[in-house]
**Student:** 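Starting off with a structure, shown below.
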Amino acid sequence: MLKTLRFFSYIMIVVSLIISCKSSDDSDLFRAYVEGKVIPGPNSAEDFMISPIHLISNNRIIGETFPKENGQFVIAGPYASGDYKLQFKSKIKTFSNSNTNCKIASDSVSIIIPSGVTYLVFNEIKFK
């Protein structure tokens, strides 16, 4: 009887440890996925293709990519909630996509993507 009680005690301890050790990693979050085409302007053409594109959420870089030679890019990262940004090194002139709630930030180097949008395609992003 004592051995059975001790065995069940060990089982309960192991089960308690497994349940309490669940980590809070990014696997429970949604993914933000953005793709599009960038068109460099006359002031940004020189080193445009070697400048990174960042996806930023809560002042944290959640994704980074570089445009291909034809200007196409794809970027993704973990997304929890709230607005997030697509940030470049050059100033944005105009952009087109299907979401009318996106807007150019006051710094002109990023596009603000509204909360809840987890997939977005930019037809083109033109730079100054």
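The analysis underlying the following values was restricted to heavy atoms, covering all of them including side chains, and did not include hydrogens, waters or symmetry mates. If you're wondering where the values come from, they're calculated on a predicted model, not measured in any experiment.
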**Student:** So, Asn58 side chain and Arg60 main chain: donor-acceptor pair closer than 3.5 Å or not?
**Tutor:**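 Judged by distance alone, no pair lies under 3.5 Å.
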
**Student:** If a pair satisfies salt bridge (charged side-chain N to carboxylate O under 4.0 Å, His left out) and one of its residues is in residues 107-124, list it, with sequence neighbours excluded.
**Tutor:**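 As it turns out, the salt bridge (charged side-chain N to carboxylate O under 4.0 Å, His left out) pairs with a partner in residues 107-124, which skip direct neighbours, are Glu124-Lys126.
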
**Student:** Using side-chain heavy atoms (C-beta onward) and a distance below 4.5 Å, is Gln72 in contact with Pro67?
**Tutor:**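 Heavy-atom side-chain distance check fails, nothing below 4.5 Å.
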
**Student:** For residues 115-123, dump all side-chain donor-acceptor pairs below 3.5 Å to protein atoms at least two apart in sequence or in another chain.
**Tutor:**
residue, atom, partner, partner atom, Å
Ser115, OG, Gly82, N, 3.4
Tyr119, OH, Glu35, OE2, 3.0

**Student:** Kindly compute the distance separating CD (Gln87) from CD (Glu64), expressed to the nearest 0.5 Å.
**Tutor:**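 Spacing of CD (Gln87) from CD (Glu64) equals 11.0 Å.
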
**Student:** Less than 4.5 Å apart, any side-chain heavy atom of Phe66 and any of Ile53?
**Tutor:**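 The answer is no, as the side chains (C-beta and beyond) never meet within the 4.5 Å cut-off.
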
**Student:** For residues Val74 and Phe88: do they belong to one hydrophobic cluster (side chain heavy atoms under 4.5 Å, members Ile, Leu, Val, Met, Phe, Trp, Tyr)?
**Tutor:**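 Unlinked, Val74 and Phe88 end up in two clusters.
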
**Student:** Kindly work out whether a path of hydrophobic side-chain contacts (I/L/V/M/F/W/Y, heavy atoms less than 4.5 Å apart) joins Ile125 to Ile112.
**Tutor:**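 Ile125 and Ile112: separate clusters.
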
**Student:** Taking the side chain as C-beta and beyond, is there a heavy-atom pair between Tyr79 and Tyr84 under 4.5 Å?
**Tutor:**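 Counting from C-beta outward, Tyr79 and Tyr84 do come under 4.5 Å.
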
**Student:** Measure the shortest side-chain to side-chain distance between Ile113 and Asp83 over non-hydrogen atoms and say whether it is less than 4.5 angstrom.
**Tutor:**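 Side chain of Ile113 against side chain of Asp83, heavy atoms only: no contact under 4.5 Å found.
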
**Student:** Assess whether side chain to side chain contact (heavy atoms under 4.5 Å, CB included) is satisfied between Leu86 and Phe73, documenting all intermediate values.
**Tutor:** CA-CA 12 Å; Leu86 184 63; Phe73 71 92; 3.9 Å; yes

**Student:** For the NZ atom of Lys93 and the NZ atom of Lys128, what is their distance to the nearest 0.5 Å?
**Tutor:**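 That separation rounds to 9.0 Å.
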
**Student:** Taking C-beta and beyond as the side chain, do Ile62 and Ser57 meet within less than 4.5 Å on heavy atoms?
**Tutor:**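 Result yes, sub-4.5 Å side-chain heavy-atom pair found.
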
**Student:** Report yes if some heavy atom in the side chain of Pro114 is under 4.5 Å from a heavy atom in the side chain of Asn99; otherwise report no.
**Tutor:**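 With C-beta onward as the side chain, the pair touches.
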
**Student:** Is Leu55 reachable from Ile104 through a run of hydrophobic residues whose side-chain heavy atoms are each under 4.5 Å from the next?
**Tutor:**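 Yes, same cluster.
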
**Student:** Do Ile56 and Ile75 share a hydrophobic cluster, counting only Ile, Leu, Val, Met, Phe, Trp and Tyr and linking them when any side-chain heavy atoms are less than 4.5 Å apart?
**Tutor:**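 Per the 4.5 Å side-chain linkage, Ile56 and Ile75 are not co-clustered.
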
**Student:** Spell out, yes or no, whether Ile111 and Val109 are grouped together once hydrophobic residues are joined by side-chain heavy atoms under 4.5 Å, including indirect joins.
**Tutor:**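 Unlinked, Ile111 and Val109 end up in two clusters.
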
**Student:** How long is the gap from OG on Ser110 to CD1 on Ile92, to the nearest 0.5 Å?
**Tutor:**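 The OG atom of Ser110 sits 6.0 Å away from the CD1 atom of Ile92.
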
